[in-house]
J.: 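Input: one structure, supplied below.
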Amino acid sequence: MGRLLQRAAAGSGPAAGKPRAATRVRDVLQLEVEGKSLQIQRLRDPRCRRMRLVVDERGARLSMPQRASQAAAEAFVRDNGVWLLAQMAALRVGEDGHEDRPLSERPARLPLLGSERAVHWLPARHTHVLLAADGSLQFHYSAQAGQAALVRALAEFYQAQARAQIGPETARWLPGLPRAPRRFVFKQMSSRWGSLAPDGTVALDLSLVLAPPAVLQYVLVHELCHLIQPNHSAAFWAEVSARMPAWPDQRQWLAAEGRRLKYRLRSLLAVA
């Protein structure tokens, strides 16, 4: 998943001994940083002895002592504003250097299956997204469509594209499985890429639809092989290798690009 990016305030770490029996409080800090409006997840933690700012695929988070003031929190974030914006921008940028824009700003390109696709914005009665024959995206939008409607249309499009990718692959491997998966679910996952439930439901991270097709295929094969071997033993990896000999390449790609992939989808599908 890559290293965690963080900034901590100067000072000693947590004091030794048992922490106070106090409640951890989570909320959102809305703040202007270097001229940009940001929402930062904030955690007041009784075990925390100094402020720490973290940036990962879930966005920016500030951990702070329970008694620290609002003014101190805002000052700490602003003091690290240049670093914070640089890390967040790096997660939003595609491999070609293109930075994602909010859907309300009508971005010229959007990621899909490992490439940045040109987007044509077309006024229409109903808001929906289509894949054109040339590989570009046609984003039809109504005059009344706000950010929520645009996000919903893009999420539905990504869901449909992801299912279209796994359909042929699943049919390809079914004859070698002890049983068929019960169903497939695509959703945003915080850290994992896939899972297999006891009832046979396969869950896959929706952000995989932004990755090259071979990456999505690897995660699918990985989860299907758990129907044969419900573990990560040598026998399990032998099953994966038999179906996808180049799986280490796809796993390495996820290790290098996974954090950015998850963050990009969260940013694109953010309503507020």
J.: Closest heavy-atom contact between Ala118 and Arg109?
T.: CA-CG, 4.0 Å
J.: Can you classify the ring geometry of Tyr141 versus Trp121 as parallel (below 30°), tilted (30 to 60°) or perpendicular (above 60°)?
T.: perpendicular
J.: Which atoms form the tightest heavy-atom contact between Ser233 and Gln229, and what is the distance?
T.: OG-OE1, 4.1 Å
J.: State whether a side-chain donor-acceptor pair under 3.5 Å links Ser115 with Arg117.
T.: yes
J.: Could you tell me the separation between the NE2 atom of His120 and the CD atom of Gln138, rounded to the nearest 0.5 Å?
T.: 7.0 Å
J.: Which distance, rounded to the nearest 0.5 Å, do you find between the CH2 of Trp173 and the CE of Met244?
T.: 8.5 Å
J.: Using 0.5 Å steps for rounding, measure from the CG atom of Leu220 to the CZ atom of Arg243.
T.: 11.0 Å
J.: Identify the two heavy atoms, one from Pro248 and one from Pro245, that lie closest to each other, and give their separation to 0.1 Å.
T.: CD-O, 3.6 Å
J.: Would you check, one step at a time, whether the test side-chain contact (heavy atoms from CB on, under 4.5 Å) holds for Leu110 with Val129?
T.: CA-CA 11 Å; Leu110 287 171; Val129 185; over 6 Å; no
J.: Indicate yes or no: at least one non-hydrogen side-chain atom of Leu224 is less than 4.5 angstrom from one of Val221.
T.: no
J.: A side-chain contact here means heavy atoms from C-beta on lying under 4.5 Å apart; do Leu261 and Val215 qualify?
T.: no
J.: Donor-acceptor pair, distance only, cut-off 3.5 Å: does the side chain of Ser136 make one with the backbone of Ala132?
T.: no
J.: For the CG atom of Leu103 and the OG atom of Ser267, what is their distance to the nearest 0.5 Å?
T.: 10.5 Å
J.: Could you go through residues 154-163 and list every donor-acceptor pair under 3.5 Å that involves a side-chain atom there, pairing it with any protein atom two or more places apart or in another chain?
T.:
| from | atom 1 | to | atom 2 | distance (Å) |
| --- | --- | --- | --- | --- |
| Tyr158 | OH | Pro111 | O | 2.6 |
| Gln159 | NE2 | Phe186 | O | 2.9 |
| Arg163 | NH1 | Phe184 | O | 3.3 |
| Arg163 | NH2 | Phe184 | O | 3.1 |

J.: For the residue pair Arg42 and Gln70, establish whether any side-chain heavy-atom pair is separated by less than 4.5 Å.
T.: yes
J.: Using side-chain heavy atoms (C-beta onward) and a distance below 4.5 Å, is Pro181 in contact with Glu223?
T.: no
J.: Indicate the atoms forming the closest heavy-atom contact of Tyr218 with Arg251, along with that distance.
T.: OH-CD, 3.8 Å
J.: At what distance, to the nearest 0.5 angstrom, does CZ of Arg259 lie from CG of Leu254?
T.: 13.5 Å
J.: Just to verify, what does His226 make a ring-ring contact (aromatic ring centres under 6.0 Å, His included) with, not counting sequence neighbours?
T.: His222, His232, Phe236
J.: How many angstroms lie between CZ in Arg44 and CG in Asp27, if you round to the nearest 0.5 Å?
T.: 7.0 Å
J.: Evaluate whether atom CZ of Arg192 has more than 12 neighbouring non-hydrogen atoms of other residues, nucleotides or ligands under 6.0 angstrom away.
T.: no
J.: Show every donor-acceptor pair shorter than 3.5 Å between a side-chain atom in residues 202-214 and any protein atom, with sequence neighbours excluded, or say none if there are none.
T.:
| from | atom 1 | to | atom 2 | distance (Å) |
| --- | --- | --- | --- | --- |
| Asp205 | OD1 | Ser207 | N | 2.8 |
| Asp205 | OD1 | Ser207 | OG | 2.9 |
| Asp205 | OD2 | Lys262 | NZ | 2.2 |

J.: Check whether Leu53 and Val28 end up in the same hydrophobic cluster, where Ile, Leu, Val, Met, Phe, Trp and Tyr are linked by side-chain heavy atoms less than 4.5 Å apart.
T.: no
J.: Is Phe76 linked to Val82 within one hydrophobic cluster, defined over Ile, Leu, Val, Met, Phe, Trp and Tyr using a side-chain heavy-atom separation of less than 4.5 Å?
T.: no
J.: Quick one: do Leu196 and Trp193 end up in the same hydrophobic cluster if we chain Ile, Leu, Val, Met, Phe, Trp and Tyr together by side-chain heavy atoms under 4.5 Å apart?
T.: yes
J.: Would you indicate whether the side-chain heavy atoms of Ser63 and Val54 approach each other to under 4.5 Å?
T.: no
J.: Does the Gln147 side chain pair with the main chain of Ser104, one donor and one acceptor, at a distance under 3.5 Å?
T.: yes
J.: Hydrophobic clusters here meaning ILVMFWY residues chained together by side-chain heavy-atom distances under 4.5 Å, can you tell me if Trp83 and Leu29 are in one?
T.: yes
J.: Determine which pairs satisfy salt bridge (charged side-chain N to carboxylate O under 4.0 Å, His left out) with at least one residue from residues 170-189, sequence neighbours left out, and list them in order.
T.: Glu169-Arg172, Arg182-Asp199
J.: Using side-chain heavy atoms (C-beta onward) and a distance below 4.5 Å, is Leu62 in contact with Leu43?
T.: no
J.: Measuring only between side-chain heavy atoms, which start at C-beta, is Cys48 closer than 4.5 Å to Gln66?
T.: no
J.: Heavy atoms only: give me the nearest Val119-Phe139 pair and the separation to one decimal.
T.: CG1-CB, 3.9 Å
J.: Please name the pair of heavy atoms, one in Ala73 and one in Met64, separated by the smallest distance, quoted to 0.1 Å.
T.: CB-CE, 3.7 Å
J.: State yes or no: do Leu177 and Val240 share one hydrophobic cluster built from I, L, V, M, F, W and Y residues joined by side-chain heavy-atom distances below 4.5 Å, directly or via other members?
T.: yes
J.: Once salt bridge (charged side-chain N to carboxylate O under 4.0 Å, His left out) is applied, what residue pairs with a partner in residues 125-144 remain, sequence neighbours excluded?
T.: none
J.: Leu130 vs Leu137, test: side-chain contact (heavy atoms from CB on, under 4.5 Å). Steps then yes/no.
T.: CA-CA 6 Å; Leu130 297 176; Leu137 306 186; over 6 Å; no
J.: Holding to ring-ring contact (aromatic ring centres under 6.0 Å, His included), I want the full list of residues that pass it with His128, two or more places apart in sequence or in another chain.
T.: His140
